[in-house]
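All remarks here apply to the structure that follows.
The chain is numbered in sequence order, starting from 1.
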Amino acid sequence: MKRCFILVALATLFSLPLQADEGMWLPALISERIADMQAKGFRLTAEDIYSVNQASLKDAVVLFGGGCTGELVSDEGLLFTNHHCGYSYIQKHSSVEHDYLKDGFWALNRSQELPNPGLTVRFLEKMEDVTKVVLKGYKTKMTEEQRQALVKKNAEKLIADATRDGQGLKASVEALYYGNQYFLFVFREYRDVRLVGAPPSAIGKFGGETDNWMWPRHTGDFSIFRIYAGADNLPADYSENNVPYRPRKSLKISRAGVKEGDFTFVYGCPGSTQEYVHSEAVRYIQDVSDPEKIALRTTRLNIMKKYMDQSQAVRIQYSSKYASVANAWKKWQGEEKGLRKNKVVPVKQDYEARFEEWARGTRYAWTTEMLQNLYAQRNPIYRAYEYYNETVRAVERIQMGMGRRVDPKDYYQPIDEEIFVAMMEAFDKALEDSYKPEYFLRKREEYSGDMLAWKDAVFADENECKALSEALDRHYSQKILPVVRELDRAITLRYRDYMQGQMEFENERTFYPDADLTLRVAYGKVAGYRPADAVWYNPVSTLRGIIEKDNPDIFDYNIPQALRDIYAQGGHEDQPVCFLATNHTTGGNSGSPVLNEWGHLVGINFDRVWEGTMSDLVYDPEICRNISLDVRYILFIIQEIGHAGYLLDEMHFVD
Ligand code: ARG
Ligand code: GLU
């Protein structure tokens, strides 16, 4: 009796129920969530979100450039996404005479809109459960190889059928829940997408690395593009004769704004999450992977920063590299902290114990034990794999030795030399010799472990550099990578059972598939949070905050003079800039429309708060917040800074 009580108490204490506002839902199955959405304030129907037969909100959302999201905001193909999603295209159009990154860019008419070869957007035509078709012919006695071959064959047929009439149609069959379910996704891809507008970086990237992943945030992270099509409205290669694409649906824009508690939802393409993994996977991330990678990147960032602070020229050369190293570095810090705070490892261990108790005598018995053993095999070599990525591959000189192109315009050798010494020392110290190539061990002997002397040789002598680089690269791709892949395959296979087992074990719980860059809906509400004891963050930031941060001497906070002047005129203090909400998002959701209860556009998603980045593994409603740009700030910048108010003429407003 007493034991039973303790078990029940433990179970309630340590269970992993779906947390409020957690979830990235498949639009085609949104009818399963619609009652909950409506209870939380949503005013439309499942058909309004996703329909194959009639225009629905899905027709206004695109996968932008293969890694971000964008949304249609006019009936003439106008599209919003983030500044950081359009960044590389804006950069390509920039030169010393026209520095669109620095000064912004505004097409005054359609003929000034700039084509971007290679940039595509994808509309979802439909998605459907094809599990039965994909597994047609499957027999339980098949080997895994036979099953895979069957899945491949059936999927290829589905894809061929779905894309038969061409016209930019693309399809993929995605394995959801580690292969327990298969979905067919059919897209139409447009390939004439032109740049229409972008704010100066001092607005679009305001706060830079200092404010990245942080609240309070004031980044005007948007850019504007237009999709062009052939006269038949179908995808076409770039041509002067193309016309603006006429979408089935474009978003209406609300200028009513948001406040704490308001219902919002995010419609976009989250990239990757792992919500159902074993405690050992989490323990590895929290105790090994995140801390070690953070330390390695701290070293690299400090080296870059030292030289960037000394020279404006070096700062320009390395700012983009610095940003990409710093982005994950900051995210991991929040992730590690959040995993510990939520005691995710012990909570999952307890869950696994209860799972095994339930699974005794079933086909799921010992699944978690087998995963534990597989991770015990995988983790050491996976760690070596990560070290190669974070040390060897972080040295540009080694990259060059492997034959990769490093832009000489953005190369500063003293930084690379110092990084070489620090990273190679870390690599050597952290890994057992069995993970290093023979050549490395021999040379280390030759130089008696003196990394500085070795560095001098590698930077002075082309052959020395090549020999080291190739040895490392060969070892990585022949001895490390194949083993990691093999073990990952074995683990994924185990997860297929574990996932199905979890679904039966917790048959009351509603599951959602891990993110895989397919279209999803996340919903929640506008909400502040408590980042630390005695601190409360309000969910809305304003122009006042930009002026508070403004400082011509700090690169990240040096705003355009025009913005100072407008502010000085008065009346714009309360201009909203960004807001927080509880929507469950991840990388790839950048640029996603943030919609209100009527499906009207109120913002664009562009980030999360760093304290909540463990939501890729476990969602904590207390501190997981997505950060959105208020659509009214976009309109304000278009008009006041871009003097491009004519763009508003083609948008539809509802107040
Ligand atoms: N943290 C955001 C994301 O993960 C924004 C990254 C770009 N901005 C930056 N300051 N690095 O993509
Ligand atoms: N900035 C991220 C992106 O590019 C979104 C932030 C996140 O939620 O990871 O998709």
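- R383 forms no cation-pi arrangement with Y284, by the criterion of a distance under 6.0 Å to the ring centre and an angle within 45° of the ring axis.
- Among pairs with a residue in residues 86-107, those fulfilling side-chain hydrogen bond (donor to acceptor under 3.5 Å, both in side chains) read H93-N116, at least two apart in sequence or across chains.
- Judged purely by distance below 3.5 Å, without hydrogens or angles, the side chains of N212 and W610 never pair a donor atom with an acceptor atom.
- Donor-acceptor pairing under 3.5 Å is recorded for the side chains of D616 and T586.
- The side-chain tip of K321 points at the ring of Y318 from less than 6.0 angstrom away and within 45° of straight on.
- One N or O on the side chain of R520 and one on the backbone of D514 form a donor-acceptor pair closer than 3.5 Å.
- In summary, the side chains of N626 and N605 do present a donor paired with an acceptor at a separation below 3.5 Å, with no hydrogens or angles considered.
- Applying the ring pair (Phe, Tyr, Trp, His ring centres under 6.0 Å) rule to pairs touching residues 387-414 yields Y307-Y412, Y388-F427, Y388-Y476, sequence neighbours excluded.
- Remark: C85 engages C68 in a disulfide bond (SG atoms under 2.5 Å apart) (not counting sequence neighbours).
- Salt-bridge annotation for E418 and K455: absent, with no side-chain N of the basic residue lying under 4.0 Å from a carboxylate O of the acidic one.
- Both cation-pi conditions hold for R315 and F555: the charged atom is under 6.0 angstrom from the six-membered ring centre and inside a 45 degree cone around its axis.
- Dense packing is recorded around CD of Q561, with more than 12 heavy atoms of other residues, nucleotides or ligands lying under 6.0 Å away.
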